[in-house]
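Here is the structure we will look at, set down as structure tokens.
Everything numeric in this text was worked out from a predicted model, so none of it was measured.
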Amino acid sequence: MTSPLPAERRPGQRHVPAPLAPAPPTPADAGPDWRYIGRALPWAILAVGLAVRFAVGRGGFSGLGDPPKHGDFEAQRHWMEITTNLPPRRWYLNDHAPGGLNDPAYWPLDYPPLSGYLAFALGKLCAAFFDPAWVAAVSSRGTEAPGLVAFMRLSVILCDLVVLFPAAWLLAMRLFPRHPFLRAAVFAAVVFEPTLIIFDHGHFQYNGVMVGFMLAALGLLFDEAGPAGRPAISAKRLLGVVALCAAVTFKQMALFYTLPFAGFMIGASWRQAHGRPGPFAGRFLLLAVAALAGLLAPVLPLVLDSMLATEAKDHLGPAGTALAVLRRVFPVGRGLFEDKVANIWCAVSPAVKLRSMLTLRQAATMAAGTTLLLCLPACLAAARRPTGLRLLQATATGALSFFLASFQVHEKSILIAAMPVAVLMCLLVLAAAAPGPPAAGHPATAADRAIAARALHTFIHFALFSCFPLLRRDGQTFGYAGLQVAWLGLGLLLPSTRPAPGAPRPGTGARPQQGPLARAALALVSHLWLPGLIGMVAVHLADLLVRPPGRLPDLWTMAIMIGSCGWFLLVHALLSVADLSRLAETGLPFRSTRRDLKDD
């Protein structure tokens, strides 16, 4: 017996099968795999960063074709010559014979011992695998052979690969261990920071090693304040202290970073000791011992070489060797400032001739006092709330304080402040673009974050702008212009500084975390960043098209210096009075940030 036909099917009617359910999506239809993109993104950033460095390196360098002393390129090459032809005990001793190898009038080694060891390694590599004539004693002076230039350029890139980029990745990992795209953004902020690129790969220096050690210290110390009652001293904190000491013993300008780090260490030790003097002293003493060991260890090979010397004149002893290094590293006889640098002392020099009014001792005392005064708020803030983000902001503030007011500052030293500023800017941009309302208890607006990010972004523009006269002499005009345009293009991607409908205007509203001075600084920056950029372009056009009057040959150079100094002072005021670290940490999933804030 046949089964009855379905009700919907009539005799003779063709069977139409029911539509099949949609097939599960194939991998090609599933969209991009963001995990693999997140893993590949840092490598893409690294590749583009290397390409930019190679492109900038195609331009000129400091002292190219400018005898008899040339410039910083010849200084770095000459240090390779000194360290490969003299024993370590004589690296920092003057040779007063005419034409001597270590003539103090011809680029003496005036950086700390870690720089000497790098020059020694590069010099030995150069002599063994390339051309020994490039580092031959005395006869190699002024060498600018294409092969040598290529070797030196590649050596800076190698230093970035070995020190700077791993340190940047360490910091990014410590900030965002579970967020690959945020991690890649922080990494990109370091890789593409333009002042470091133009000075290391254009002008020619090895600042990336110093900056890398500082970033490593920040990464190791991030989240190491911890809540009260954590174990006494972690290995990461001791390594962070050693990394900072490595920065100082590579280049003395890293001292710009030390005061905020000291404030952070004091505050973190006090918190962990529950405010008890005895445990606090023990913790801080251990950190001080680690710092002292980190500072003295690089000098030890020089001391041992001096003690083993066979000639009596080389037996300086430990104290004598250390003093010889200190005299070279801190030459106080050069004056209050050098060339045209965008700091306070150079900016006021057209009206107030400080160099002729003050002795060297008076100028040094005035500079030291002013620097400490400018740096004090940042140090106190880092001590009062010792979190990683607060240390980052304090580091930027302290470095800028030293640039603005310390003794014997070079225009290139602005890069020391530019790197922490760039990282802080990146975090503010990410926080401003983060979805969702502000965190409870921190009603800061996204517009405030955007305004602060815009101020720091403009700071990088002015950091490059302040060094334009130097870069033009180096033959790096195209590199300068390219980096300025690229950084301007990045600025087009920043979040809008206009508040959302119904949100408080920038610099207004009830925000207990930001006081009246901070609100005033935010409001001022929101009105001045665009006129500042327009003024920068106007000065460039005037410098290109209008010849300065004969009695004012440095008119446009001084306009660059004074304008840049004005913006630096404004950003310093913003960093000093506004807690930008809170603006960043309320919008992003930082490692253990909420736990640290609960302990305040």
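More than 12 heavy atoms of other residues, nucleotides or ligands lie within 6.0 Å of CZ in Arg472, so this atom counts as buried by the packing criterion. When the shell of 6.0 Å around CZ of Phe192 is examined, it contains more than 12 heavy atoms from other residues, nucleotides or ligands.
Judged by distance alone, the side chains of Arg473 and Ser62 never bring a donor and an acceptor atom under 3.5 Å apart. Between the side chains of Ser401 and His572, a donor-acceptor pair is found at a separation under 3.5 Å. Residues Asp200 and Gln205 bring no donor and acceptor atom of their side chains to less than 3.5 Å of each other.
For Glu193, there are no salt bridge (charged side-chain N to carboxylate O under 4.0 Å, His left out) partners at least two apart in sequence or on another chain. Annotation: salt bridge (charged side-chain N to carboxylate O under 4.0 Å, His left out) contacts of Arg390 (sequence neighbours excluded): Asp579.
Between the side chain of Thr370 and the main chain of Ala367, no donor-acceptor pair closer than 3.5 Å is present. Within the 3.5 Å criterion, the main-chain N or O of Gly532 finds no donor-acceptor partner in the side chain of Trp567. A distance-only check finds no donor-acceptor pair linking the side chain of Glu411 to the backbone of Ala342 [under 3.5 Å]. With hydrogens and angles ignored, the 3.5 Å screen pairs a side-chain donor or acceptor of Thr371 with a backbone N or O of Ser406. Counting only distance, with no hydrogens or angles, the side chain of Tyr257 and the backbone of Ile416 share a donor-acceptor pair below 3.5 Å. With hydrogens and angles disregarded, no donor-acceptor distance shorter than 3.5 Å links the side chain of Ser115 to the backbone of Tyr111. Checked by atom type and distance alone, the side chain of Gln484 pairs as donor or acceptor with a backbone atom of His461 at under 3.5 Å. With Arg449 contributing its side chain and Ala432 its backbone, the two residues share no donor-acceptor pair below 3.5 Å. The backbone N or O of Met173 lies less than 3.5 Å from no partner atom in the side chain of Arg183, so there is not a single donor-acceptor pair. Remark: the backbone N or O of Phe61 is not paired with any side-chain donor or acceptor of Gln476 at under 3.5 angstrom.
Atom CD of residue Gln408 and atom OG of residue Ser413 lie 9.0 Å apart, to the nearest 0.5 angstrom. For the atom pair CG (Leu118) and CH2 (Trp79), the distance works out to 10.5 Å, reported to the nearest 0.5 Å. Atom-to-atom distance recorded for Cys565:SG and Leu570:CG is 11.5 Å, nearest 0.5 angstrom. One finds the SG atom of Cys375 at 5.5 Å from the CZ atom of Phe402 (value rounded to the nearest 0.5 Å). Note that the CG atom of Leu122 and the OG atom of Ser155 stand 5.0 Å from one another [nearest 0.5 Å]. Within the model, atoms CG of Leu374 and CG of Leu400 stand 8.5 Å from one another, a figure rounded to the nearest 0.5 Å.
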Would you please test Val341 and Phe403 for side chain to side chain contact (heavy atoms under 4.5 Å, CB included) and show each step?
CA-CA 9 Å; Val341 55; Phe403 176 82; 3.7 Å; yes

Quick one, Met210 with Val248, criterion side chain to side chain contact (heavy atoms under 4.5 Å, CB included). Give me CA distance, side-chain angles, the key distance, then yes/no.
CA-CA 7 Å; Met210 171 193 67; Val248 174; over 6 Å; no

Could you walk me through whether Ser349 and Leu354 pass the side chain to side chain contact (heavy atoms under 4.5 Å, CB included) check?
CA-CA 7 Å; Ser349 62; Leu354 293 173; over 6 Å; no

Test side chain to side chain contact (heavy atoms under 4.5 Å, CB included) applied to Phe181 and Ile37, step by step
CA-CA 9 Å; Phe181 290 97; Ile37 294 177; 4.0 Å; yes

For a side chain to side chain donor-acceptor pair (under 3.5 Å) check, start with the C-alpha distance between Ser526 and Arg454, then their side-chain angles and the critical distance, and finish with the verdict.
CA-CA 8 Å; Ser526 69; Arg454 181 66 68 175; over 6 Å; no

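Residue pairs meeting the side-chain hydrogen bond (donor to acceptor under 3.5 Å, both in side chains) criterion with at least one partner in residues 41-56, sequence neighbours excluded, are Arg53-Asp160, Arg53-His201.
With contacts defined as side-chain heavy-atom distances shorter than 4.5 Å, the pair Arg153/Arg58 does not qualify. With contacts defined as side-chain heavy-atom distances shorter than 4.5 Å, the pair Phe222/Leu392 does not qualify. The closest side-chain heavy-atom distance from Val52 to Leu483 is below 4.5 Å. Under the 4.5 Å side-chain criterion, counting only non-hydrogen atoms from C-beta, Met152 is in contact with Arg77. Using a 4.5 Å cut-off on side-chain heavy atoms (C-beta onward), Phe204 and Asp474 make no contact. The closest side-chain heavy-atom distance from Val209 to Leu164 is not below 4.5 Å. Trp529 places none of its side-chain heavy atoms less than 4.5 Å from the side chain of Leu456. With a 4.5 Å cut-off on side-chain heavy atoms, Arg174 and Leu170 count as touching.
Under the 4.0 Å criterion applied to side-chain N and carboxylate O atoms, Asp448 and Arg519 are not assigned as salt-bridge partners.
Contact between Ala418 and Ile460 at its shortest, heavy atoms only, is O-CD1, 3.6 Å. Minimum heavy-atom separation, Phe465 to Ser564: CD2-OG, 3.3 Å. Here the closest heavy-atom approach between residue Val191 and residue Ile197 is recorded as O-CD1, 3.6 Å. Closest approach of Ala382 to Ala394, counting heavy atoms only: CB-CB, 3.9 Å. Taking every heavy atom of both residues into account, Ala452 and Leu428 meet most closely at CB-CD1, 3.7 Å. Nearest heavy-atom pair across Leu470 and Lys412 is CD2-CG, 3.8 Å.
Between Trp487 and His457, the distance separating the two ring centers is shorter than 6.0 angstrom. Here Tyr480 and His540 bring their ring centres to under 6.0 angstrom of each other. For His203 and Phe73, the gap between ring centers reaches or exceeds 6.0 Å.
The aromatic rings of Phe568 and Phe459 are tilted relative to each other, their planes meeting at an angle between 30° and 60°.
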